[in-house]
Amino acid sequence: MYRAFGKRLLDLTAVTVTLPLWGPVVVVLGFLVWASMGLPVVFRQERPGRGGRAFEIMKFRTMTGATGEKGDLLPDEKRITRLGKLLRRTSLDELPELLNVLRGEMSLVGPRPLLMQYLERYDEEQARRHEVKPGVTGWAQVNGRNALTWGKKFEYDVWYVDNLSFLLDLKILCMTAWQVVAGRGVSAEGHATMPEFMGGDGE
């Protein structure tokens, strides 16, 4: 019952009730991003949702469009701004995803939506992470976030799919609040976020 109806009800209730809290923060952060990097303020990109169906995720921009001599984008760690680092450390860059939740494309809790090109690289077990809607936060995020290997992250994602419940979602939301304050697991060693997933066990 919770998986079919209650989870969506929790998403809508939590996001709408807290709108007076996060709404003004979105406006202020949007202005700061515009002042430091210009337009666009929001980064949009196609990501796979439930069943692998594409949707457009929304996040605050954290990186510039700086390119090298050949016109290629510089590595993430060279394009991320000071404000961008702060937004990522506090996870405030993900606030616009609450609009994705309202539109029914994401849930507050679920496996994080990754890149479209990863779909063909998953094995059968890893692909099970798409049996539920992607989340703003998830079981992998509160157990290491980007400091995890890809293999461990997918293991946590599939475990969540199999054990999804109201109490587990509440636990993850509470753990997320603590992790945001602590600023843990924002990036993998040597990367601004995570290295690209190339397939296999992801270790």
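The distance from the CG atom of L10 to the CG atom of L170 is 6.5 Å, given to the nearest 0.5 Å. If you take OH on Y118 and CE on M198, they are separated by 8.5 Å, rounding to the nearest 0.5 Å. Taken from OG1 in T62 to CG in D93, the straight-line distance is 6.0 Å, to the nearest 0.5 Å. We find the CG-CG distance between N100 and L108 to be 11.5 Å, quoted to the nearest 0.5 Å. A distance of 9.5 Å separates OG1 of T137 from CE of M106, quoted to the nearest 0.5 Å. To the nearest 0.5 Å, the span separating CE on M63 from CG on L83 amounts to 13.0 Å.
Counting heavy atoms from C-beta on, the side chains of F43 and P96 never come closer than 4.5 Å. Here the side chains of W34 and L39 are in contact, with some heavy-atom distance below 4.5 Å. With a 4.5 Å cut-off on side-chain heavy atoms, W139 and K171 count as touching. Using a 4.5 Å heavy-atom cutoff, the side chains of K153 and W150 are in contact. Side-chain contact between K59 and L95 is absent, with no heavy-atom pair separated by less than 4.5 Å. Between Q45 and L115 the shortest side-chain heavy-atom distance falls below 4.5 Å. Taking 4.5 Å as the limit, some side-chain heavy atom of W159 sits within range of a side-chain heavy atom of L168.
Within the 3.5 Å criterion, the main-chain N or O of F5 finds no donor-acceptor partner in the side chain of R8. Of the possible polar contacts, none joining the R112 side chain to the Q141 backbone as a donor-acceptor pair under 3.5 Å is found.
Closest of all the heavy-atom pairs between G104 and K133 is O-NZ, 3.1 Å. Nearest heavy-atom pair across V25 and L21 is CG2-O, 3.3 Å. Residues P113 and P48 come closest through the heavy atom pair CB-O, 4.0 Å. Across D157 and A140, no two heavy atoms sit closer than the pair OD1-CB, 3.7 Å. Across R50 and P134, no two heavy atoms sit closer than the pair N-CD, 3.8 Å. The two residues L148 and Y156 come nearest to each other via the heavy atoms CD1-CD1, 3.7 Å.
Under the rule for a side-chain contact (heavy atoms from CB on, under 4.5 Å), the partners of R44 that lie at least two apart in sequence or sit in another chain are V42, E56, M58. Taking the side-chain contact (heavy atoms from CB on, under 4.5 Å) definition, one finds that L102 meets it with L12, V15, T16, L99, sequence neighbours left out. A search for side-chain contact (heavy atoms from CB on, under 4.5 Å) contacts involving L164 returns Y2, R3, K7, V132, Y160, not counting sequence neighbours.
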| field | Working for side chain to side chain contact (heavy atoms under 4.5 Å, CB included), residues Y122 and L114 | value | CA-CA 11 Å; Y122 297 136; L114 301 175; 3.5 Å; yes
| field | From CA spacing to verdict: side chain to side chain contact (heavy atoms under 4.5 Å, CB included), V136, V101 | value | CA-CA 8 Å; V136 177; V101 174; 3.7 Å; yes
| said: Walk me through whether F60 and V26 qualify under side chain to side chain contact (heavy atoms under 4.5 Å, CB included). | reply: CA-CA 9 Å; F60 280 125; V26 166; 3.9 Å; yes
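Residues D11 and S107 bring a donor and an acceptor atom of their side chains to less than 3.5 Å of each other. With no hydrogens or angles considered, no side-chain donor-acceptor pair links R79 and T64 at under 3.5 Å.
The pair R47-E97 fails the salt-bridge criterion, with no side-chain N (NZ, NE, NH1 or NH2) lying under 4.0 Å from an Asp/Glu carboxylate O. The pair D162-R128 meets the salt-bridge criterion, since a charged nitrogen lies less than 4.0 angstrom from a carboxylate oxygen.
Surrounding CZ of R121 are more than 12 heavy atoms belonging to other residues, nucleotides or ligands, all under 6.0 Å away.
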